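Below is one structure, written out as structure tokens, with a few remarks after it.
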Amino acid sequence: MVGQGLAGTLIAHFLLEAGQAVHLIDDNYPRAATKVAAGIINPVTGRRYVKSWRIDDLIPKAQQTYRELEQKLNIQIYHPRPVLRALFNNREVNDWQARAFDPAYQAYMVPGDEVNIGRYAEHTVPAFDYGELREGAQVEIGTLAEHYRQWLINAGLLTEAAFDFSQLQLLDQGVEYRGIRARVVVFCEGAKSKANPYFSYLPYEGNKGEALITSIPEAGFERILKHRIFVVPLADGRYWIGSTSNNFHTDDLPSEKSRQYLTEKLDELLRLPYRTEEHRAAIRPTIKDRRPLLGTHPEHPQLVIFNGLGTKGASLGPYWAQHLADVLTRGVPIDPGVDIGRFGLNPSK
Ligand SMILES: Cc1cc2nc3c(=O)[nH]c(=O)nc-3n(C[C@H](O)[C@H](O)[C@H](O)COP(=O)(O)OP(=O)(O)OC[C@H]3O[C@@H](n4cnc5c(N)ncnc54)[C@H](O)[C@@H]3O)c2cc1C
């Protein structure tokens with residue numbers, strides 16, 4: 001497998017569970033999306049307050065998988081956290097309430113008269129109103145990948161290096177790479193997949209995101225707040241503040257413009273002193289149709305891809321990694337909604 005961000009971690013986990021042998025090659029790139037993300041699982045999103053795609057299936061699988069990995073690695077990375085959503089005018093409140101009456105949303109939306117914004121009332125400038133979502137969570141996906149990496153290294157299953165495509169030999173059955181023979185290579189390269197000579201034809205977009213890690217020692221916030229920006233509790237009085245979204249980037253470095261934007265939004269919101277400790281940036285592996293990318297290369301069945309986790313890797317990752325493992329090991333037919341076959345060999349056609 002190539003790449004050990006969230007996608008590579010999860011597919012390795014499920015393939016090992018299925019009794020397969022794996023070896024991972026990863027360059028430990030410091031600005032991988034998995035290392036920068038907040039890991040929010042948010043069941044109802046967007047301006048129209050719609051359920052995230054397939055969320056009813058994704059959340060139970062995410063909970064189960066992250067709990068399994070917590071046990072395996074002896075870490076705590078899955079934190080159930082309600083999401084408070086600031087509403088800014090009457091129209092937003094009406095739209096939110098209309099959704100809350102829809103039976104398909106009742107598992108997620110807290111009735112309006114039960115919403116209590118707790119310490120946010122005291123320590124932030126009030127919005128017009130608030131909605132609250134159950135079943136939200138924050139998953140420390142960066143910590144997960146870091147610990148899983150160490151576990152793989154200890155088991156002799158990870159090589160830290162950039163993958164050298166000139167060393168990849170396609171055999172009649174499988175592949176060979178620097179003395180390693182395998183039935184398939186699974187590419188989990190995140191935004192760097194654009195440079196993969198076999199899969200560069202897929203319609204990647206790539207969305208740059210930046211976030212600040214701040215210390216707000218007096219806040220004591222426990223829920224995720226979605227105001228103009230997200231405020232996400234981390235450990236020890238620290239908070240993830242983000243993020244920006246830019247499809248027209250020329251690099252993946254932290255920028256002064258985004259730092260200023262996030263700082264302004266936080267200054268407008270917060271009534272407490274804070275200190276910015278870190279500024280992070282990365283490219284999200286987004287795809288034009290906003291769906292994951294799974295499947296085998298149309299001409300080389302020994303080359304497989306798991307990508308396109310986009311802005312929602314924490315929720316999408318476990319369900320689709322399990323699915324790909326089932327496709328590879330049990331011959332389960334691939335779900336056409338995520339199959340790269342939906343783009344043909346030339347997506348411009
Ligand atoms: C600012 C920001 C905020 C986000 N917030 C959230 C959030 O709240 N919730 C959520 O669900 N998602 C969030 N995301 C998205 C989430 O980070 C991604 O969906 C997910 O991490 C993608 O994981 P990945 O493994 O596909 O890619 P990556 O994390 O990029 O991992 C790919 C790995 O493969 C390595 N690699 C690639 N090519 C090669 C090669 N040729 N040789 C060796 N190694 C290689 C890379 O260096 C990297 O280590 C956010 C992203 C950003 C940037």
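Source: prediction; values computed, not measured. One-based numbering, in listed order, for ligands and for the atoms of each.
On a distance-only criterion, R284 and ligand 1 share no N/O pair closer than 3.5 Å. Between V36 and ligand 1, a contact under 3.5 Å exists for no N or O pair. Looking at ligand 1, you won't find any N or O of S315 less than 3.5 Å from one of its N or O atoms. Checking only distances, A211 never comes within under 3.5 Å of ligand 1, N or O to N or O. Any N or O atom pair closer than 3.5 Å counts here, and G209 shares no such pair with ligand 1. Considering backbone and side-chain N/O atoms, K192 comes within less than 3.5 Å of an N/O atom of ligand 1.
For the pair N42 (side chain) and T45 (backbone), a donor-acceptor distance under 3.5 Å is absent. In this structure, K208 contributes its side chain and L253 its backbone to a donor-acceptor pair below 3.5 Å. Q302 places a side-chain N or O within 3.5 Å of a backbone atom of L171 that can act as its donor or acceptor partner. A donor-acceptor distance shorter than 3.5 angstrom exists from the side chain of N89 to the backbone of E92, with no hydrogens or angles considered. Side chain of R81 to main chain of R223: no donor-acceptor pair is present (N/O by atom type, distance under 3.5 Å, no hydrogens or angles).
Residue contacts with ligand 1, taken as heavy atom pairs separated by less than 4.0 Å, involve V2 solely via side-chain atoms from C-beta onward. Residue contacts with ligand 1, taken as heavy atom pairs separated by less than 4.0 Å, do not involve A281 at all. The part of W240 lying near ligand 1 is the side chain, judged by heavy-atom distances below 4.0 Å.
Side chains of N307 and K192: a donor-acceptor N/O pair is absent below 3.5 angstrom, by distance only. Between the side chains of E68 and Q64, a donor-acceptor pair is found at a separation under 3.5 Å. Side-chain contact of Y29 with D252: a donor-acceptor pair under 3.5 Å is present, judged by distance alone. Side chain to side chain, T244 and Y261 fail the donor-acceptor criterion of an N or O pair below 3.5 Å.
Of all atoms in ligand 1, numbered sequentially from 1 with element shown, those under 4.0 Å from a heavy atom of Q4 are 33 (C), 34 (O). Listed by number with element, the atoms of ligand 1 under 4.0 angstrom from any heavy atom of L6 are 23 (O), 25 (O).
One distance of note links CZ of F88 with CZ of R228; it measures 4.0 Å at 0.5 Å rounding.
A ring-centre distance under 6.0 Å is found for F187 and F165. Checked against the 6.0 Å centroid criterion, the rings of Y239 and Y274 do not qualify as a close aromatic pair.
Nearest to atom 44 (N) of ligand 1 by heavy atom, out of D27, T244, N28, is D27. Comparing A37, G310, A33 by heavy-atom distance to atom 15 (C) of ligand 1, the nearest is G310. Around atom 22 (C) of ligand 1, the closest heavy atom drawn from P285, G313, S245 belongs to P285.
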* From CA spacing to verdict: ring-ring contact (aromatic ring centres under 6.0 Å, His included), H227, Y130 -> CA-CA 9 Å; H227 196 268; Y130 295 85; 7.5 Å; no

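Residue contact annotation: G39 has a non-hydrogen atom under 4.0 Å from ligand 1. At least one heavy atom of A162 sits under 4.0 Å from some atom of ligand 1. Using a non-hydrogen distance threshold of 4.0 Å, A161 registers as a contact of ligand 1. Taking 4.0 Å as the cut-off, N307 does not count as a neighbour of ligand 1 on heavy-atom distance.
In terms of protein heavy atoms, atom 42 (N) of ligand 1 is closest to F163 N, 2.9 Å. Considering only non-hydrogen protein atoms, atom 33 (C) of ligand 1 sits nearest to D26 OD2, 3.5 Å. Ranking protein heavy atoms by distance to atom 28 (P) of ligand 1, first place goes to T34 OG1, 3.8 Å.
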